[in-house]
Peer 1: 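Input: one structure, supplied below.
Fair warning: this is a prediction, and the values are worked out from it, not measured in the lab. Below, chains carry the letters A, B, ... as their sequence lines are ordered, and counting in each starts from 1.
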There are 2 protein chains.
Amino acid sequence: MNEIAPIVPESGDKEAAMRKEPTQRRSKERVERILSCASTLIADNGSDAMRMSDVAEKAGISIGSLYQYFPDKGSIIRTLADRYNALGRECIADTLKNVHDMNGLQASFAELIDIYYALFLAEPVMRDIWSGTQADKALRDIDLLDSRLNGAVLADARARVNPAADRAFLENSSFLIMHLGQATMHLAISVDPTEGAALVDGFKRMVLREMLAA
Amino acid sequence: MNEIAPIVPESGDKEAAMRKEPTQRRSKERVERILSCASTLIADNGSDAMRMSDVAEKAGISIGSLYQYFPDKGSIIRTLADRYNALGRECIADTLKNVHDMNGLQASFAELIDIYYALFLAEPVMRDIWSGTQADKALRDIDLLDSRLNGAVLADARARVNPAADRAFLENSSFLIMHLGQATMHLAISVDPTEGAALVDGFKRMVLREMLAA
DNA sequence: TGCAAATGTGAGGATTCCTCATATTAATTG
DNA sequence: CAATTAATATGAGGAATCCTCACATTTGCA
């Protein structure tokens with residue numbers, strides 16, 4: 001919960017949308033190579049401009065091999081999204097794990113918002129993927145699930161801080177906060193940095209007030 | 001500020017991204033026909049599945065004629081987005097125009113949120129366009145400008161209600177609110193209706209509290 | 001070693017956006 | 001109203017790109 005993620009998130013758990021689970025070492029390396037090359041290409045010109053033929057060439061493999069592991073272009077992007085999300089969730093869960101009072105919650109969440117903003121600013125791949133997030137139903141679902149999971153973690157922390165609060169309300173509110181957090185990041189990176197920072201601060205204020213109120 | 005928009009918004013002012021301004025009556029009719037057919041196709045299967053050849057066929061014209069008026073597929077979608085936005089802005093401006101005290105502001109804005117939610121639920125084309133909004137840089141810019149314009153109108157109303165408030169703060173906060181409003185709509189229509197309504201309510205509470213606080 | 005399973009290859013099929021050379025219709029002018 | 005210019009219409013096909021598939025190569029194992 002305190003470092004900027006590496007350019008290519010380390011291999012997560014159950015990869016999404018892989019055509020066939022690689023078993024030999026050679027093919028496992030290839031999958032990582034493909035993802036790494038795709039990541040670079042996305043960082044350079046965006047996922048839209050990324051051609052499957054470019055990925056294959058850069059990875060030093062044939063188009064056919066590419067499609068052996070990833071059934072379509074979207075699955076590469078989704079796998080990257082999954083990995084970034086997993087990193088983010090881990091960071092959020094770590095940070096909120098030991099929160100037990102309102103002061104701690106407020107401080108931790110404010111810190112999280114700053115970390116996420118820094119991440120979005122630093123990672124062109126993350127920016128690109130989340131910008132295109134709404135275009136693809138599958139990506140949208142990944143996004144939604146991520147907000148939900150993070151929302152559940154936040155709801156837990158808020159319940160710990162305020163045991164009297166209505167649980168259903170906390171879950172709803174936390175889900176919303178996580179989703180709006182993403183939207184705020186999109187907005188903040190779309191405007192000039194000064195305004196972006198101010199908008200992130202505005203969001204922070206709104207959210208902290210929401211947590212106090214409930 | 002009280003009706004659901006028609007399926008195809010009426011011809012606005014300066015159409016975005018038209019290849020050549022239609023001058024003869026025949027061609028003006030064609031432009032409207034194209035937009036209307038595109039709208040239907042989008043409502044049926046989404047803008048992604050909409051083929052330019054389908055639009056041409058449905059409109060009873062040739063592909064070439066289509067491209068006479070719209071330089072590319074995106075421009076059709078952008079034109080529809082512009083029209084919907086213009087309708088929304090008009091509705092917002094009308095509603096907030098006569099707000100002069102905090103009670104009125106709160107009531108009006110709560111009403112606006114409900115209207116927008118109803119609009120998103122009722123208009124598959126609007127949903128589709130806004131879902132794809134992040135995919136295309138040009139659409140994103142249209143979206144951003146719309147939030148900015150609406151934010152300015154909201155900031156005006158808030159300044160009227162609370163003349164002591166810092167103007168820069170109001171503008172920043174209002175811009176954020178408008179953007180997050182869109183994000184909330186996206187979220188709300190992506191989940192089941194009961195949860196969607198609860199999320200919209202959650203957003204309403206957050207926003208009204210924000211307006212009270214400043 | 002030899003065989004089966006896993007993996008690799010890239011030409012080309014399929015889809016779709018969009019162009020352009022040409023044809024038709026409308027407006028204008030002498 | 002004939003002739004000329006301008007506006008509009010057409011659709012075959014160029015270009016870009018995703019992805020498949022029939023066949024080749026490599027690896028693991030009995």
Peer 1: Grab the OH-P distance between A:Y69 and D:dC18 for me, whole Å please.
Peer 2: 20 Å
Peer 1: Would you kindly compare B:G60 and A:S53 by the position of their nearest DNA chain D nucleotide and give the one closer to the 5′ end?
Peer 2: B:G60
Peer 1: In whole angstrom, give the distance that lies between atom CG of B:L66 and atom C1' of D:dT8.
Peer 2: 14 Å
Peer 1: Rounded off to whole Å, could you give me the CG-to-C1' distance for the B:D54 and C:dT15 pair?
Peer 2: 12 Å
Peer 1: Please pick, from D:dT10, C:dT7, D:dC18, the nucleotide with the shortest atom-to-atom distance to any side-chain atom of A:Q68.
Peer 2: C:dT7
Peer 1: So does A:R30 get a side-chain nitrogen or oxygen closer than 4.0 Å to the phosphate oxygens (OP1/OP2) of C:dT9?
Peer 2: yes
Peer 1: Measure CD1/B:I34 against C1'/D:dA9 and give the value in whole Å, please.
Peer 2: 11 Å
Peer 1: Reckon B:Y67 has a side-chain N or O less than 4.0 Å from the OP1 or OP2 of D:dA9?
Peer 2: no
Peer 1: If you only use heavy atoms from C-beta on, which nucleotide in C:dT9, C:dT19, D:dT8 is closest to the side chain of B:I63?
Peer 2: C:dT19
Peer 1: Round to a whole Å and report the spacing from CD1 of A:I76 to P of D:dT17.
Peer 2: 16 Å
Peer 1: Can you measure B:R51 atom CZ to D:dG11 atom C1' for me and round it to whole angstrom units?
Peer 2: 19 Å
Peer 1: Which residue, B:N150, B:V207, B:T95, B:L154, forms the side chain to side chain contact (heavy atoms under 4.5 Å, CB included) with B:L112?
Peer 2: B:T95
Peer 1: By nearest atom, which of the nucleotides C:dC18, D:dA9, D:dC19 is closest to the A:D72 side chain?
Peer 2: D:dC19
Peer 1: Charged N to carboxylate O under 4.0 angstrom, B:K137 versus B:D143?
Peer 2: no
Peer 1: Closest to the A:M52 side chain: D:dT20, D:dC18, C:dG8?
Peer 2: D:dC18
Peer 1: Are A:E123 and A:R83 within salt-bridge range, i.e. N to O under 4.0 Å?
Peer 2: no
Peer 1: Determine whether the side chains of A:S174 and A:R158 contain a donor N or O and an acceptor N or O closer than 3.5 Å.
Peer 2: yes
Peer 1: Assess whether a salt bridge exists between B:R78 and B:D72, defined as any Lys/Arg side-chain N lying under 4.0 Å from an Asp/Glu carboxylate O.
Peer 2: yes
Peer 1: Under 4.0 Å between a side-chain N or O of A:S65 and OP1 or OP2 of C:dT7?
Peer 2: no
Peer 1: Mind calculating the distance between CD (A:E57) and C1' (D:dC18) to the nearest angstrom?
Peer 2: 17 Å
Peer 1: Expressed in angstrom and rounded to an integer, what is the separation of A:I61 atom CD1 from C:dA6 atom P?
Peer 2: 19 Å
